[in-house]
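One structure is given here, and the rest of the page talks about it.
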Amino acid sequence: MQAAKIAKVVEEKPAEAAPQEIQNVARIIDLPNRDVDPFNRDGARNDDRVRLAGGWDRNVRQWRPDWVEYDEYYRPVLSNPYRDPMRIVYVYQNAPRIAFIPPLGRIVLEVAQFAAYSFTALVTNPINEVLNVAVGSFFGGGYFPGVGLPLPPPPPPLLNYANVPVQVRYPDATYQPFRVSKIVDVGPDRQYGEQKVLLDGVTPAWGEWKQTPSGERSFEVHKTQQFPGLDDPRPGPLPGDYQLTLASDESPSGMNKRDVYLVAVAVACGALSIGAVALAVFMGRRRRPMH
C-alpha cells in the first residue's frame, strides 16, 4: 500500500461509459439476476456456489476508507494497493463512468457536483478475469479552478455518528442488530427515497433512523447496493464483512437458541432431580420395617 500512496497522481476524466462497456463489466463479475430474491430461505446468496475463472469468491468487500484521500482542491484521490489493474465504476451526473487505476497507482477524479458517490472497484488479472470486488464511496464538490484562481469552497460537512446500532429489515427477512464503528448521514435521497447513509463511512444503505428501547440512536436498513454503477439499491447482502443473523433464530421471549437450549437442559436436570428424590422417598417407605 505504501508504494501506491507515494505514486504519482494521474488525473482521470472518464467520459460517459457506453452501454457495451457496462455490459462487459457486468459480464466479468457474472452480475446476478437482480429480478430474483438474492437470498434463499437460509439467508445465503443463491449464487454462492458460482466461482469465476479468476478466483473471486463472490464476497463483495468493503473498500478501505484510507484508500480514498482528497487533494487541495477537494478532489478524491483513489489508490490501488494491488499489483493488478483496477477499474472503478460509478455514476456521475446520471451517467455511468469507468476509471482505470494502474497497479500500485493513484488517480484523481474531478467531481464538482457535491454528493456522496458509491462505486464498485474491480481488480482483474492480465487476461481480464476478476480477482476481487469491493464497494467504496467518495465525496464530490472539488474541482481545479484554473491557474491563479482561488481554491473552491470546502464541501459542506456531513453528520457523523459513532458506534451506532444497525438492524437490517427487508420485506421478507429481519436480522439481529449489530453495531458499526460509525455512520455518515448523507441525507434524504431524492432519487431512491428514504435516508441514505454510509455504514462505517463506506457501505451505502437506505432506510430510516430509529431509537432503541433505551433511547439510543439506531439505523434500520431497508436496502443496500452491491454493485454501484451497475445496479440499483435493493434488499440484498451488505457489502463488507457484516455477519448477519436472521432474527428468526430467536425465540419469542428474546432468547437465542443457545439460551433456549441451556434453559431446556436446566429444566430437564431439575425434573430428573425431583424424580430421584421422589423415587428415594418411595423406596424408603417400601423398606420401612413392619411392626
Side-chain angles (χ1 to χ4, degrees), residues 9-38 45-63 67-68 75-113 115-138 140 143 189-192 202-204 206 223-237 239:
V9 178
V10 177
E11 188 170 354
E12 279 273 315
K13 293 184 177 180
E16 178 178 349
Q20 186 61 47
E21 293 181 271
I22 297 299
Q23 291 172 14
N24 289 342
V25 174
R27 178 181 53 80
I28 67 172
I29 63 172
D30 190 24
L31 190 66
N33 182 359
R34 313 311 274 175
D35 295 328
V36 299
D37 183 359
R45 285 183 58 101
N46 289 325
D47 53 3
D48 267 345
R49 292 185 296 274
V50 178
R51 292 294 180 267
L52 302 184
W56 176 42
D57 60 6
R58 298 202 67 85
N59 179 24
V60 181
R61 292 169 172 81
Q62 190 179 74
W63 182 274
W67 294 350
V68 178
R75 300 180 300 177
V77 178
L78 283 69
S79 301
N80 176 8
Y82 297 96
R83 297 184 181 275
D84 293 286
M86 178 180 290
R87 256 172 284 197
I88 301 292
V89 186
Y90 64 101
V91 173
Y92 178 57
Q93 294 180 335
N94 298 317
R97 320 267 172 163
I98 301 177
F100 293 85
I101 312 179
L104 301 176
R106 285 195 299 170
I107 64 170
V108 60
L109 298 174
E110 187 145 314
V111 189
Q113 184 178 330
Y117 298 90
S118 296
F119 61 84
T120 300
L122 300 91
V123 180
T124 54
N125 63 19
I127 58 174
N128 205 31
E129 294 173 341
V130 65
L131 302 174
N132 211 335
V133 178
V135 168
S137 297
F138 61 78
Y143 58 90
D189 191 319
R190 289 179 292 180
Q191 181 178 5
Y192 297 111
V202 180
T203 297
W206 288 258
K223 52 193 173 187
T224 186
Q225 195 172 18
Q226 275 210 299
F227 302 99
L230 300 168
D231 68 353
D232 292 330
R234 64 184 64 209

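The backbone N or O of Pro14 sits nowhere less than 3.5 Å from a side-chain atom of Tyr92 that would complete a donor-acceptor pair. Between the side chain of Ser118 and the main chain of Ser137, no donor-acceptor pair closer than 3.5 Å is present. When atom types are taken as modelled, the side chain of Asn80 and the backbone of Asp84 share a donor-acceptor pair closer than 3.5 angstrom. With hydrogens and angles disregarded, a donor-acceptor distance shorter than 3.5 Å links the side chain of Thr224 to the backbone of Pro204.
For the atom pair Arg75 CZ and Glu110 CD, the distance stands at 5.5 Å (nearest 0.5 Å). Summarising the geometry, atom CD belonging to Gln225 is positioned 6.0 Å from atom OH belonging to Tyr192; distances are rounded to the nearest 0.5 Å. Glu12 CD to Phe100 CZ: the interatomic distance, rounded to the nearest 0.5 Å, is 8.0 Å. Here CZ of Arg97 is found 11.5 Å from CD of Glu21. Values are rounded to the nearest 0.5 Å. With values rounded to the nearest 0.5 angstrom, Gln113 atom CD is found 13.5 Å from Tyr143 atom OH. Note that the CD1 atom of Ile107 and the CD1 atom of Ile101 stand 4.0 Å from one another [nearest 0.5 Å].
Side-chain contact between Trp63 and Val135 is absent, with no heavy-atom pair separated by less than 4.5 Å. Contact annotation: the side chain of Leu230 approaches that of Ile22 to within less than 4.5 Å [non-hydrogen atoms, C-beta and beyond]. Using a 4.5 Å heavy-atom cutoff, the side chains of Phe119 and Val89 are not in contact. You'll find the side chain of Arg58 reaches within 4.5 Å of the side chain of Asp30, heavy atoms only. Counting heavy atoms from C-beta outward, Val111 and Pro76 have side chains that approach closer than 4.5 Å. Contact annotation: the side chain of Arg106 approaches that of Ser79 to within less than 4.5 Å [non-hydrogen atoms, C-beta and beyond]. At a threshold of 4.5 Å between non-hydrogen side-chain atoms, the residues Asn132 and Leu122 do not count as touching. When side chains are defined from C-beta on, Asp232 does not count as touching Phe227, because their heavy atoms never get closer than 4.5 Å.
Nearest heavy-atom pair, Gln62 versus Val202, reported as atom, atom and distance to 0.1 Å: CG-CG1, 3.4 Å. In terms of heavy-atom proximity, Ala121 sits nearest to Ile88 at CB-CD1, 3.7 Å. In plain terms, the two heavy atoms of Pro81 and Met86 that are nearest each other are CD-CE, 4.4 Å. Between Pro237 and Gln226, the shortest heavy-atom distance links the atoms O-CG, 3.3 Å.
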Verdict with supporting geometry, Arg87 and Val130, side chain to side chain contact (heavy atoms under 4.5 Å, CB included) = CA-CA 10 Å; Arg87 256 172 284 197; Val130 65; over 6 Å; no

Would you check, one step at a time, whether the test side chain to side chain contact (heavy atoms under 4.5 Å, CB included) holds for Tyr90 with Leu109?
-> CA-CA 11 Å; Tyr90 64 101; Leu109 298 174; 4.0 Å; yes

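Between Phe138 and Tyr117, the ring centre distance stays below 6.0 Å.
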